[in-house]
Amino acid sequence: MSTPQKAETVEIPQANSRGRVIVASLIGTTVEFYDFYVYATAAVLVFPALFFPNAEGSVALLSSFAIFGVAFIARPLGSIVFGHFGDKFGRKGTLVASLLTMGIATFLIGCLPTASVPGWTFWAPALLVVMRFMQGLALGGEWSGAALLATENAPAGKRAIYGTFPQLGAPIGFILANGIFLALSLGLTTEQFTSWGWRIPFLLSAVMVIIGLYVRLKLVETPAFQNVIDAGEVSKLPVGRVFKTSWRPLIIGTFVMLATYVLFYLMTTFTLSYGTAPATLEAAKAKAQAAGKPMSADAIAAWVPGLGYTRNEFLIMLIIGVVFFGIFTLVSGPLAEKFGRRKTLLWVTGGILVFGLTFVPLFGAGMVGVMALLIIGFTLMGLTFGPMGALLPELFPTNVRYTGSAISYNMASILGAAVAPFIAVALWQSADGSPVLVGVYLSSMAVLTLIALFIMKETRDLDYTTNVS
């Protein structure tokens with residue numbers, strides 16, 4: 001009589017479900033971009049008066065934008081810090097840390113006293129700089145981690161499609177942030193909004209962070225990074241290795257993202273400033289008088305015209321435009337799978353180049369022209385931003401992918417987004433209120449991106465799970 005054989009227990013490795021991957025990559029970037037855009041909107045609408053009350057007109061606006069740019073200086077540092085932990089210890093824990101950092105910084109901005117509070121003239125803007133730096137640090141590590149979470153869990157032939165889900169967090173976060181600002185503007189008086197209403201979007205971030213943490217804590221490590229662990233190829237110093245073995249992809253990735261960043265921050269931050277600036281000197285004087293800060297002779301001499309829309313009117317127009325951003329972000333994934341990342345982006349970047357040359361006729365064509373400009377610009381934004389979720393990570397080996405894609409993404413943020421609002425305002429002023437030079441600036445950046453795309457090779461069919469440096 002044979003002895004019964006004891007059945008062997010086979011341990012099935014855990015895996016992230018498709019739904020969990022999509023939700024975790026999307027909700028994290030939505031929270032991060034929501035927090036980031038809440039500041040960007042406040043930097044235009046209320047921060048010049050609240051944190052720089054002694055500055056006039058364009059000086060206060062430029063001071064607010066300067067702090068806006070601090071985050072972009074912090075982002076490359078965040079890419080190194082979070083990239084190090086993401087490539088050395090895994091994607092999951094790093095994504096949780098980046099989300100917490102962003103959430104805490106944003107919540108604390110909502111608690112800051114303003115510069116008009118006695119004793120806080122210096123400390124209010126100084127602490128705003130610190131909190132903005134922390135926001136940038138967090139976003140520097142968030143994007144690449146979310147992109148890797150999506151693409152390293154994607155089925156074969158669907159990396160670009162999965163890579164659009166973290167990208168979708170940008171338009172959703174923008175709509176949420178500006179929708180809340182719009183609702184507050186409609187529901188509160190100007191005095192109430194300036195006094196305390198502007199704090200609500202920052203404080204609400206805490207609720208979104210809690211939801212994001214709940215989802216992300218349920219994740220398991222991605223298969224690609226688990227392969228790196230199993231093969232003993234975890235890099236001791238990812239930043240050193242990526243600069244040694246992948247310096248060319250770092251440069252190419254940075255310039256491939258350049259036009260994308262410039263386009264986005266011109267379409268959001270600059271257009272909001274230009275669209276809501278008074279169209280006549282008389283209107284500017286009346287606005288300054290109503291705010292209790294009559295224009296000085298220097299302010300009058302430096303004044304340049306805008307389009308004269310109210311804040312609420314232009315926020316509604318922006319939100320409509322960003323809907324197209326979200327739609328075409330999703331459309332870009334299948335296009336990048338079918339035609340390749342490089343070919344898709346070559347055509348889209350060519351479109352951005354031409355689009356920059358249409359600023360004057362579209363801005364000058366009334367509300368229909370402005371709305372057309374916003375729709376076209378955000379459509380191009382979706383088509384160029386969507387494929388980046390797959391393309392930038394594909395440029396780098398698995399064991400330095402978090403660090404490499406994060407550095408490229410965030411170096412582009414300095415060359416593109418950090419200086420774009422500041423340069424745009426300066427060009428707007430130097431052209432006596434015309435947006436012509438702003439459009440030329442965008443087209444010039446598109447030329448640099450086209451050069452980078454011509455140099456790079458297609459990444460659609462490369463080995464994504466076992467390649468290491």
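If you read the sequence from its start, that first residue is 1, and numbering goes on from there. Values reported hereafter were calculated over all heavy atoms of this structure, with side chains retained and with hydrogens, waters and symmetry mates removed. Remember, predicted model here, so these are calculated numbers, not experimental data.
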Is it the case that the side chain of [X] and the backbone of [Y] share a donor-acceptor pair, with hydrogens and angles ignored and the cut-off at 3.5 Å?
{"X": "Ser332", "Y": "Thr329", "answer": "yes"}
{"X": "Thr403", "Y": "Gly83", "answer": "yes"}
{"X": "Asn178", "Y": "Leu315", "answer": "no"}
{"X": "Thr94", "Y": "Gly90", "answer": "yes"}
{"X": "Thr449", "Y": "Ala259", "answer": "yes"}
{"X": "Thr276", "Y": "Leu272", "answer": "yes"}
{"X": "Arg91", "Y": "Gly86", "answer": "yes"}
{"X": "Glu152", "Y": "Thr465", "answer": "no"}
{"X": "Lys92", "Y": "Leu217", "answer": "yes"}
{"X": "Thr29", "Y": "Leu26", "answer": "yes"}

Measure the acute angle between the ring planes of Phe324 and Phe328, then classify it against the limits of 30° and 60° as parallel, tilted or perpendicular.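 If you compare the ring of Phe324 with that of Phe328, the planes turn out parallel.
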Using 30° and 60° as the class limits, which term best fits the ring planes of Phe174 and Phe264: parallel, tilted or perpendicular?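 Ring orientation, 0 to 90° scale: perpendicular.
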Cationic tip of Arg311 above Phe181 ring, under 6.0 Å, 45° of axis: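 No, Arg311 does not lie over the aromatic ring of Phe181.
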For the residue pair [X] and [Y], what are the closest heavy atoms and their distance?
{"X": "Val228", "Y": "Asn399", "answer": "CG1-CB, 3.9 Å"}
{"X": "Ala160", "Y": "Arg341", "answer": "CB-NH1, 3.6 Å"}
{"X": "Lys218", "Y": "Arg20", "answer": "O-NH1, 2.9 Å"}
{"X": "Ala42", "Y": "Phe202", "answer": "CB-CZ, 4.0 Å"}
{"X": "Pro387", "Y": "Gly382", "answer": "CD-O, 4.4 Å"}
{"X": "Trp428", "Y": "Pro305", "answer": "NE1-O, 3.0 Å"}

Is there a donor in the side chain of Thr106 and an acceptor in the side chain of Gln135, or the other way round, less than 3.5 Å apart?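 Judged by distance alone, the side chains do pair up.
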Taking the basic N atoms (NZ, or NE/NH1/NH2) and the acidic carboxylate oxygens, is any pair closer than 4.0 Å for Arg342 and Glu394?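 So Arg342 does not pair with Glu394 through a salt bridge.
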Go through the steps to decide whether Glu337 and Ile161 satisfy the test side chain to side chain contact (heavy atoms under 4.5 Å, CB included), and finish with yes or no. CA-CA 7 Å; Glu337 289 294 358; Ile161 295 173; 3.9 Å; yes
Within 6.0 Å of OH in Tyr441, more than 12 heavy atoms from elsewhere: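 Enclosed.
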Looking at Tyr402, Tyr261, Phe396, which one forms a ring pair (Phe, Tyr, Trp, His ring centres under 6.0 Å) with Tyr409?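 So, applying the ring pair (Phe, Tyr, Trp, His ring centres under 6.0 Å) to Tyr409 and each of Tyr402, Tyr261, Phe396, only Tyr261 qualifies.
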